[in-house]
Every structure is written in structure tokens, then in C-alpha cells.
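Take a look at the structure below.
Keep in mind the model is a prediction, meaning the values are calculated, not measured. Chain letters run A, B, ... following the sequence lines, proteins first and then strands; every chain starts at 1. Side-chain atoms are counted along with the backbone in the values below, which use heavy atoms only and exclude waters and symmetry mates.
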There are 2 protein chains.
Amino acid sequence: MPRPSKLSPERGNARTRLLEAAQDIIRSKGFAATTVDDLCKQAEVTKGAFFHHFDSKEALGVAAAEYWTETTSAFFAAAPYHLPDDPLDRVLAYVAFRRAIIVGQIAEFTCLVGTMAQEVYAISPDIREACGKSIFGHAATLEGDIRAAMQARRIQGDWTPESLARHTQAVIQGGFVLAKAGNDPDLARESLDHLDRYIRCLFNVPDEVEA
Amino acid sequence: MPRPSKLSPERGNARTRLLEAAQDIIRSKGFAATTVDDLCKQAEVTKGAFFHHFDSKEALGVAAAEYWTETTSAFFAAAPYHLPDDPLDRVLAYVAFRRAIIVGQIAEFTCLVGTMAQEVYAISPDIREACGKSIFGHAATLEGDIRAAMQARRIQGDWTPESLARHTQAVIQGGFVLAKAGNDPDLARESLDHLDRYIRCLFNVPDEVEA
DNA sequence: ATATACATACCATTTAGTTTGTATTTAGTT
DNA sequence: AACTAAATACAAACTAAATGGTATGTATAT
């Protein structure tokens, strides 16, 4: 709940500004290399404000993961890939959507919680937990469409909707790693093309002719 | 080339010990959170030795990526997945091998260069470059078998051997990210099962009945 | 004799976190 | 409606510890 003050009316409160700075900076430098001063400078607040809102840098990490979960949940809920009538079309539209939003600088389209989880999984259980909830919670939003598609097309394999949903996230995260290692966003798109082909294969759908 | 001294005959030289410590510690804490003192303590050498062998912490990062490339190259070259006569069998054996070596603690089976690339891609071009060479160099070792399998089975899709080889690495890296986020190695194995299924699908091979 | 491979002690800077102070908002009382 | 008290949301200056790196010395190998 933002509290506008007379001195800084429209710029939002310090907490939100710090969380948004965290998204930017941590995605480009990683969590450990991001200093509290970095965050304060970018958010244009002082350290007093930082430690008023967060008990520690680790607490900011947890809050940043939770904030990421909130904002991305809303973003994906409002996305157009839910529109098709056929559930399999919705699943494929999701993959196409994930591919379509790979634009701009690497730090702009990669995943905060994937980056943080990989980095701090062993040293901060709290941050790891918050990142895990974010990733697996998002994966779970795909299960319904996958299950409905399986039933509609009478598909029965030795895999589950839950498993395929998680796999989509693994491919997305892995694509980000390759894009970073090769400094080329196309590497992330490429893996989503393979994922699209895999899902069509699982559901016996012929590949679409690509434009 | 280890240089045995009279004081420490069999323990290997400081450089190698530092590079091996780097593999362990960076895979569990990440590069930025790993301090020079951490490395020296684990390697049982002093800071003087560290900065004798490496100009900076960043230089150690580059050397660690290169050392990783050397040791893993030898490891995979000697692995049994090259044995099958049929090239597709070799590709599938590779995936099975990657699955089989997911054992023990997460930091023990995950990838140093994937972790480092994700973390430092924006702040250290040298480390990123070394990590990229490692990942894409390893991917390239799969291209021959994939290409041979395509020819042997007269497969022609809108994908290339290079692309599929990279995709295998994306799935592996993504599996590691999920395993870390969920604190469960099974998550990494699960994605390799999907990758196996995908490759069989691309080559029109029926799924094997799982044990 | 010289270069290599370390060890020891030290240093400047950076870093997360603290202390203290103050403007603004909210709640309670009259 | 006016006043007060307490809580909130910051700002500024400071601190102790950690960190990457250096300066210097020494044993070993060539």
C-alpha cells in the first residue's frame, strides 16, 4: 500500500522502488554481486529506507522473489495465450508466447527467480524456497490445459501433466542459460522451437509450416 | 603439470588445488559469494600462492572454466555412451549417461560453467566467454552422432544437428536450475526423460519400456 | 645465480548493517 | 474541529568486519 508523501508524491514508495531495482540489477549482476548500495542508488533511496523495509539483504531477496511471483502471475494471467478454445492450442500458444517475449537485452527477458535459485540455493534456504514456489507455481498454471488436452485427444503416455508442465520450465530456464553463455537471445528461442515440436509430437499434431 | 616439492610431495601443486576447490565452492555458493579466502582455505594454500598463480579473482574464474572444460572433455570422451554401433543409440546413450551421473549432492553433479555463465555473463566477458566455449564445445561433440543418425534413418526436419545438440544442453542446464529451485535431483532426471522421448520422436523410434 | 613457488603480514576499500534524528501520517481524546 | 501522542517512513552519518589485492621474504629447483 503506497503512501504518497508531499515530498515525493508520484514516484511510489521506497519499498516498491527497491524491489523493482532488485529485479533489474539482480538479473544482470546476480544476487551476491548486487550490493545494498547498488539497490539504494538505483531506487534513489537511502540505506535508512532500505533497512527500514527489509531486515537484511537476504530478506530483500525473499521479498524480490515474492514480488516477482506477484507481477509475473498477473502478467501471464492477462496474456492472450489463454484465448484459444482448444486446450492443446492454449498450451502451444503459451510456448509461442514465451518465445515472443524474448526481446531486448538478456537481463530484460530472463527470469529473476531462476537466476537467484541457481546462485543461492545452498546458502539461503529462504530465497531458494521463494524461488521454487515461483517457478513451480507458474508451472502448475499449465497443468489444467495439458490435462484437458490429453483427455480431448485421448493421449496416454508414461508422463503426467505435472511432469510436462515442469519440463516446459526447464526448457525455458535452460534456454536462458545458453543465451547468457552464448550472449545471444536466439539460443533461448531455439530451445522453445524444440519444445513446441516435442509437444506436437506428444499429441500427434503435425508441425505447423513456419512463416 | 604438477611439480612435486619436498614439503608437499603428493598433494599436487597449488594451482590445481585451487582450481579444484573452485569447482566445489563455486558450484555450491556461486562465483561472487566465493571469496579468495574460501578458496585458499579449502585448497590449503595461502593468498600469496593464489595471487602468484592468478592475477585476480576473475582470472581464476576464467582458469576454472578452462580447467572444467579439460577435465569434463576427458571424462565424456572416456564414457561408455560412445560404444553402440548405431549413431542414434549413441545419442540416446548420451542422454541416459547424463541421467545416470545425476547422483549425490546437487553441487556435485551440476555444471560449473552453466552456473558461472548465468551469474557473471554481464559483468565478466572473459568468464562468460570461457563458459560459453565449454558448453558449446561440449554440445558440438554430439553433432556427429546426430548427423549420422539423421542420415542413417533418412530424417529430415526443420532442425539441424547443431540445433538439437544445443537443445540437449539447454534441457540439461534447465534441469539443473529446477533441481536447485526444488532442492530435488529428480527434477533434473525428469527433464532428461522428456529429452529422451523427444529424440525418439524425432527419429520415429518407439519408446523403450522402462524398467 | 636466478627463477619459481610459495608463505606471512599488511592495507585500502567495500560491504552489510547501526545509530540517531526528523518529517509526515494516523489514532485517540476532548 | 483542534490538539496530542504514537507510529510510520524515511535521511544522514557512522562502524565493524570482510574482501581483493600487495609488499616482502624465503625455500626449492634449475
Side-chain angles (χ1 to χ4, degrees), chain A residues 1-22 25-26 28-65 67 116 119-120 123-127, chain B residues 1-22 25-26 28-64 67 116 119-120 123-124 126-127:
Chain A
M1 34 199 90
R3 232 176 41 111
S5 76
K6 271 177 189 162
L7 280 166
S8 53
E10 81 297 338
R11 79 175 208 196
N13 62 7
R15 187 185 141 91
T16 303
R17 292 172 57 77
L18 282 165
L19 292 174
E20 253 145 34
I25 306 181
I26 295 175
S28 98
K29 301 174 58 170
F31 178 75
T34 298
T35 69
V36 174
D37 282 329
D38 286 341
L39 296 166
C40 292
K41 188 178 285 184
Q42 169 114 343
E44 291 176 274
V45 302
T46 60
K47 261 199 187 150
F50 184 100
F51 285 100
H52 171 72
H53 288 288
F54 307 104
D55 284 347
S56 63
K57 188 188 164 189
E58 185 180 9
L60 167 112
V62 174
Y67 185 68
M116 277 208 292
E119 198 183 338
V120 304
I123 46 183
S124 172
D126 289 353
I127 296 180
Chain B
M1 33 202 89
R3 234 178 39 111
S5 76
K6 272 177 184 158
L7 281 167
S8 53
E10 79 297 337
R11 80 174 208 197
N13 62 8
R15 186 185 142 90
T16 303
R17 292 171 58 76
L18 282 164
L19 292 173
E20 253 143 36
I25 307 182
I26 295 175
S28 97
K29 300 172 62 169
F31 178 76
T34 298
T35 70
V36 174
D37 283 330
D38 286 343
L39 296 165
C40 292
K41 189 177 283 182
Q42 169 114 342
E44 291 177 275
V45 302
T46 60
K47 257 191 188 165
F50 185 99
F51 285 100
H52 171 70
H53 288 288
F54 307 104
D55 284 347
S56 63
K57 186 189 166 189
E58 184 180 11
L60 167 112
V62 174
Y67 184 68
M116 276 208 293
E119 197 183 338
V120 304
I123 45 182
S124 173
D126 290 353
I127 296 180

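Atom CG of B/Asp126 has more than 12 neighbouring heavy atoms from other residues, nucleotides or ligands inside a 6.0 Å radius.
Side-chain contact between A/Phe54 and A/Leu19 is present, with heavy atoms from C-beta onward closer than 4.5 Å. Between A/His53 and A/Leu60, every side-chain heavy-atom pair lies at or beyond the 4.5 Å cut-off.
Of the options A/Thr35, A/Thr34, A/Asp38, a side-chain hydrogen bond (donor to acceptor under 3.5 Å, both in side chains) to A/Lys29 is made by A/Asp38 and by none of the others.
Between the CG atom of A/Asp37 and the P atom of D/dA12 there is a distance of 14 Å, given to the nearest Å. When rounded to the nearest whole Å, the span between CG of B/Leu18 and C1' of C/dA7 equals 13 Å. For B/Asn13 and D/dT28, the CG to P distance is 17 Å, given to the nearest whole Å. Nucleotide D/dA9 holds its P atom 16 Å from the CZ atom of A/Arg17, rounded to whole Å. When the P atom of D/dG21 is taken as reference, atom CG of B/Asp38 falls 14 Å away, rounded to whole Å. The nearest whole Å value for the distance from the NZ atom in B/Lys47 to the C1' atom in D/dG20 is 6 Å. Between B/Lys41 atom NZ and D/dA18 atom P there is a gap of 10 Å when expressed in whole angstrom units. Computed from coordinates, the A/Arg15 CZ to D/dA11 P distance equals 16 Å when rounded to whole Å.
Residue order along DNA chain D, read from the 5' end via each residue's closest nucleotide, puts A/Ala49 first among A/Ala49 and B/Phe50. Judged by closest nucleotide on DNA chain C, A/Ala33 is the one of A/Ala33 and A/Gly48 placed further toward the 5' end.
Among the nucleotides D/dG21, D/dC10, C/dG17, the one closest to the side chain of A/Ser56 is C/dG17. Here the nucleotide nearest the side chain of B/Phe51, chosen from D/dA11, D/dT22, D/dA13, is D/dT22.
Taking CD1 of B/Ile127 as the start and CD1 of B/Ile26 as the end, the distance is 7.5 Å to the nearest 0.5 Å. Taking CD of A/Glu44 as the reference point, atom CG of A/Leu39 lies at 13.5 Å (rounded to 0.5 Å).
For the pair A/His52 and D/dC10, the criterion of a side-chain N or O lying under 4.0 Å from OP1 or OP2 is not met. At C/dA5, none of the side-chain N or O atoms of B/His53 fall inside 4.0 Å of OP1 or OP2 (strictly under the cut-off).
Using a 4.0 Å heavy-atom cutoff across all strands shown, B/Thr35 reaches sugar-phosphate atoms only and no base atom.
Under the 6.0 Å distance and 45° angle rule, A/Lys57 does not count as a cation-pi partner of A/Phe50.
Counting only Watson-Crick or G-U wobble pairs whose defining distances are both under 3.5 Å, the stems of 3 or more consecutive pairs in DNA chain D are C:1-30 with D:1-30.
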